[in-house]
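Worksheet: one structure, shown below.
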Amino acid sequence: MAREKVQFQSSASALRALKVGKRNPNWVDAAEYLIERASPEVKLLLEAAQDIERSKWSTDSDVDKKVVSTMFTPLQWTLMLLLGVACTGLLIWVGTLLGSEIC
């Protein structure tokens, strides 16, 4: 069910709704009202703030990827893989021995 968009009478009333914060159910409408009527400089500032936030998020994910990839050297990854294969093989061998003992 789509709710009806609130029509504000003035920027002051929209600002009051926005200052209450997210507790006010009309805060999105108030923000949209103010953005629509903002000066070009304010719109430019908002756009810059959005770009900064986006770049922070992309930088954080890039850092996480670098940390994971540099956590171990390729030699260490290879040794862990070989150890995993050896342990799996050992478990299969023990399982077949136990299986033949039971039969």
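- Hydrophobic clustering, with ILVMFWY side chains joined whenever heavy atoms are under 4.5 angstrom apart, groups Leu98 together with Leu90.
- Both Leu97 and Val94 are assigned to one and the same hydrophobic cluster, defined by single-linkage of ILVMFWY side chains at heavy-atom distances under 4.5 Å.
- For Asp29 against Phe8, the heavy-atom pair with the smallest separation is C-CE1, 3.6 Å.
- Residues Asn24 and Asn26 come closest through the heavy atom pair OD1-N, 2.8 Å.
- Each of Arg37, Lys43, Glu41 was compared with Ser39 under the side chain to side chain contact (heavy atoms under 4.5 Å, CB included) criterion, and only Glu41 meets it.
- Cluster membership check: Leu46 does not share its hydrophobic cluster with Leu34, using side-chain heavy-atom separations under 4.5 Å among Ile, Leu, Val, Met, Phe, Trp and Tyr.
- In the displayed structure, Gln9 atom CD is contacted under 6.0 Å by at most 12 heavy atoms of other residues, nucleotides or ligands.
- Taking CG from Leu79 and OG1 from Thr73, the interatomic distance works out to 8.0 Å, rounded to the nearest 0.5 Å.
- Here Asp51 contributes atom CG and Lys56 contributes atom NZ; the two are 12.5 Å apart, rounded to the nearest 0.5 Å.
- Ala14 approaches Ala30 most closely through the heavy-atom pair O-CB, 3.4 Å.
- Grouping the Ile, Leu, Val, Met, Phe, Trp and Tyr side chains by contacts below 4.5 angstrom, directly or via other members, places Leu18 apart from Val20.
- In the hydrophobic clustering of this structure, Leu15 groups with Val28; members are Ile, Leu, Val, Met, Phe, Trp, Tyr whose side-chain heavy atoms approach within less than 4.5 Å, directly or through other members.
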